[in-house]
Amino acid sequence: MLSIQDLRHKKEEIISLLQKRNHDFTAVINQVTDLDVAIRKHKAQLDQILAESNQLAKQIGQLFSQAKQEEAELLKKKTVSLKEESRALSQDLEAKNNELKNLMVTIPNVPNQIVPAGNSDADNQIISENKGFISDLESKKPHWELAEQYQIIDFELGAKITGAGFPVYQGKGAKLQRALINFFLDRAAQEGYLEVLPPHMVNSASAFATGQLPDKDGQMYHVTEDELFLIPTAEVPVTNIFRDCIVKPSDLPLKRVAYSPCFRREAGSYGKHVRGLNRLHQFDKVEIVQVVHPSKSYQTLEQMVSYVCELLKELSLPYRVVRLCGGDLSFTSALTYDLEVYSSAQDRWLEVSSISNFEAYQSHRLKLRFKEDQASVFAHTLNGSALALPRILASILENYQTKEGIIIPDCLQSYTGFDKIN
RNA sequence: GGAGAGAUGGCAGAGUGGUCGAAUGCGGUAGUCUUGAAAACUAUUGUCCUUCACGGGACCGGGGGUUCGAAUCCCUCUCUCUCCGCCA
């Protein structure tokens, strides 16, 4: 959620930056600021009436204790009209506040100055492209064929047990998966992130605070019986650790890392681009989250990007860094970098990480603040995948294939206990 | 799942209808004393909204109600604890 203070004072600037999202928010924002003025006016009226009745109630109390019943009864009558007035006003105020909130949640975060204009991923800026290991086989097999050949991932078995998009990893496939998780968690710990193992379901308050609700509820699996949601990413439970918190400035930056399975309905996506591991309903991911001082958040974003790049270098995967354009930017983000690995048999770039600065957008919903010079300041939040497993696995399988089998990248061998899948 | 008890400020813990935003203790901050520290003493110490300001308003787990007036009474939801049942 944007700050209502910012909308009051920097309205024109906000409207113009929001143009980058290819949508004009002038009308909504005007509605918001008009409502805001009305709300403050009504609030002042209501406060005055409440002050009067508080005053009267005190007087009545004193009169009763002095046994002056008649005078008290007289004052009681005076309170009747005040009460009616305040009741009407507060109902009106509540309605207006709800209206305001409903409007506010439809306004996405304000894109940063450097976010390129554009509609789709075609307009994203490629920041850097980096070489990595690629198999020199003449004809390379896509990962789903390799997965079947070496019996490490069984898509059909998953389809039988659950449905499409829920693969079963077996043998060295399962071990490699566990190795990647451990590698990513250990590396993050070295970077100063505190490991957490969060719940895999969240309540609606949590889903709202990180921005999955109200706009993306169709993407989550919803357990209606208990009104819980399966997490689409560990970002949701981990960021909500800090919901309704006033942290010490000396605690910043707060750094957390979590492994979790991620559940996404991905309604309506079918076809060859979602084959194999490219898009799943359940997948594993290691996520990093930071809560930082507002003056540091862009510096932190750069650090997080270079940290995740480092992981890809250690895996020797070819990758590129992409700055998302306004049209591709997620609802809550101010600036996002995607990291994509090259998958040689498919000849495609696969998104394996999305690293975003949400500035104070999530903090406003989270009510996550710290004290600075007596004032409370909303902290900035950031997160990123470090990393999402299935496409990393796809890229490893395709890029590291040889006639003798799949070579395991050096940095993983101490985790897998084997150096080849054959 | 059944029965009972409870939820108060950073923590502990009073408060059962009227100057209670809340005693007291601990903790935090500032000061006095001290060469320095500790101890002691003094002061200060919740959050949010609104106002240029003075001030005003809201908040005692969440929501609703009774009352001129609610931390206190009633309803409801959530959570915690104890006992029983079930169970990895």
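Each chain gets a letter, A, B and so on, in the order the sequences are listed, and its residues count up from 1.
- Annotation: of the two residues near RNA chain B, A:Ala57 and A:Arg87, the 5′-most nearest-nucleotide partner is A:Ala57.
- Checking the phosphate oxygens (OP1, OP2) of B:U47, no side-chain nitrogen or oxygen of A:Arg369 falls inside 4.0 Å.
- Remark: B:U19 base-pairs with no nucleotide; criterion is Watson-Crick or G-U wobble with both hydrogen-bond distances under 3.5 Å.
- Using Watson-Crick or G-U wobble geometry with both donor-acceptor distances under 3.5 Å, B:G31 finds its partner in B:C41.
- Comparing the C1' positions of B:U44 and B:U82 gives a spacing of 41 Å, expressed to the nearest Å.
- In a base pair of the Watson-Crick type (N1 to N3 plus N6-O4 or O6-N4) or a G-U wobble (N1-O2 and O6-N3), with each distance short of 3.5 Å, B:G46 is matched with B:C59.
- Taking the P atoms as reference points, B:A71 lies 7 Å from B:C60, given to the whole Å.
- The nucleotide B:A12 finds its pairing partner in B:U24, both defining distances of the Watson-Crick or G-U wobble pair being shorter than 3.5 Å.
- With A:Phe208 as the aromatic partner, A:Lys101 meets the cation-pi criteria of under 6.0 angstrom to the ring centre and within 45 degrees of the ring axis.
- If you check distances only, the side chain of A:Asp47 never reaches the base of B:G57 with a donor-acceptor pair under 3.5 Å.
- Within the nucleic acid shown, A:Ala51 comes within 4.0 Å of sugar-phosphate atoms alone, with no base atom in reach, counting heavy atoms only.
- Aromatic ring orientation, A:Phe229 versus A:His222: parallel (interplanar angle below 30°, classes split at 30° and 60°).
- Aromatic ring pairs are classed by plane angle as parallel below 30°, tilted from 30° to 60° and perpendicular above 60°; the pair A:Phe370 and A:His293 is tilted.
- With rounding to whole Å, A:Phe208 atom CZ is found 16 Å from B:G62 atom C1'.
- No contact: A:Lys58 has no heavy atom under 4.0 Å from any strand.
- Here A:Asn203 does not reach the OP1 or OP2 of B:U78: none of its side-chain N or O atoms lies under 4.0 Å away.
- Atom CG in A:Asp244 sits about 13 Å away from atom P in B:G10, given to the nearest Å.
- Between the C1' atoms of B:U72 and B:G4, the separation comes to 22 Å (whole Å).
- Nearest to the side-chain atoms of A:Leu50 among the listed nucleotides B:C68, B:U51, B:A58 stands B:A58.
- Using a 4.0 Å heavy-atom cutoff across all strands shown, A:Lys371 reaches sugar-phosphate atoms only and no base atom.
- Taking atom P on both nucleotides, B:U16 is separated from B:G61 by 15 Å, rounded to a whole Å.
- Rounded to the nearest Å, the gap between the P atom of B:G15 and that of B:G69 is 26 Å.
- Taking the six-membered ring for Trp and thresholds of 30 and 60 degrees, A:Phe133 and A:Tyr400 have nearly parallel ring planes, at less than 30 degrees apart.
- Note: CG (A:Leu56) to P (B:G69) measures 11 Å, nearest angstrom.
- Contact annotation for A:Ser376: backbone-only contact, meaning every heavy-atom pair under 4.0 Å involves sugar-phosphate atoms and none involves a base.
- Residue-level contact check: A:Ile60 touches the bases, meaning some heavy atom is under 4.0 Å from a base atom.
- Rounded to the nearest Å, the gap between the C1' atom of B:G27 and that of B:C11 is 7 Å.
- Across the interface with RNA chain B, nearest-nucleotide mapping of A:Asp36 and A:Leu46 shows A:Asp36 to be the residue nearer the 5′ end.
- Nucleotide B:C54 has no partner under the Watson-Crick or G-U criteria, as no pair reaches both atom distances under 3.5 Å.
- Residue A:Arg40 places at least one side-chain N or O under 4.0 Å from the OP1 or OP2 atom of B:U51.
- B:G62 and B:G9 are spaced 10 Å apart, taking the P atom of each and rounding to whole Å.
- Minimum atom distance to the side chain of A:Lys76 is reached by B:C68, of the listed B:C68, B:C49, B:U51.
- Partner of A:Leu387 under the side-chain contact (heavy atoms from CB on, under 4.5 Å) criterion, chosen from A:Asp284, A:Ile288, A:Leu312: A:Leu312.
- Following rounding to the nearest Å, A:Glu52 (CD) and B:A58 (P) show an atom-to-atom distance of 13 Å.
- In this structure, A:Lys172 forms a cation-pi arrangement with A:Phe418, its terminal cationic atom sitting closer than 6.0 Å to the ring centre and no more than 45° off the ring axis.
- Atom CG in A:Leu100 sits roughly 13 Å away from atom P in B:C49 (whole-Å rounding).
- Here the separation of B:C81 from B:A12, taken at their P atoms, is 14 Å to the nearest Å.
- Contact annotation: A:Lys43 does not reach the phosphate of B:U51 (side-chain N/O to OP1 or OP2, under 4.0 Å).
- Here A:Glu314 pairs with A:Arg187 in a salt bridge; the nearest charged N to carboxylate O distance falls below 4.0 Å.
- Nucleotide B:U82: paired with B:A3 (Watson-Crick or G-U wobble, both distances less than 3.5 Å).
- Between A:Glu84 atom CD and B:U67 atom P the separation is 13 Å, expressed in whole Å.
- Atom CG in A:Asp251 sits roughly 13 Å away from atom C1' in B:G10 (whole-Å rounding).
- Across A:Ser206 and A:Val236, no two heavy atoms sit closer than the pair O-CG1, 4.0 Å.
- The CG atom of A:Asn54 sits 13 Å away from the C1' atom of B:C20 (whole-angstrom rounding).
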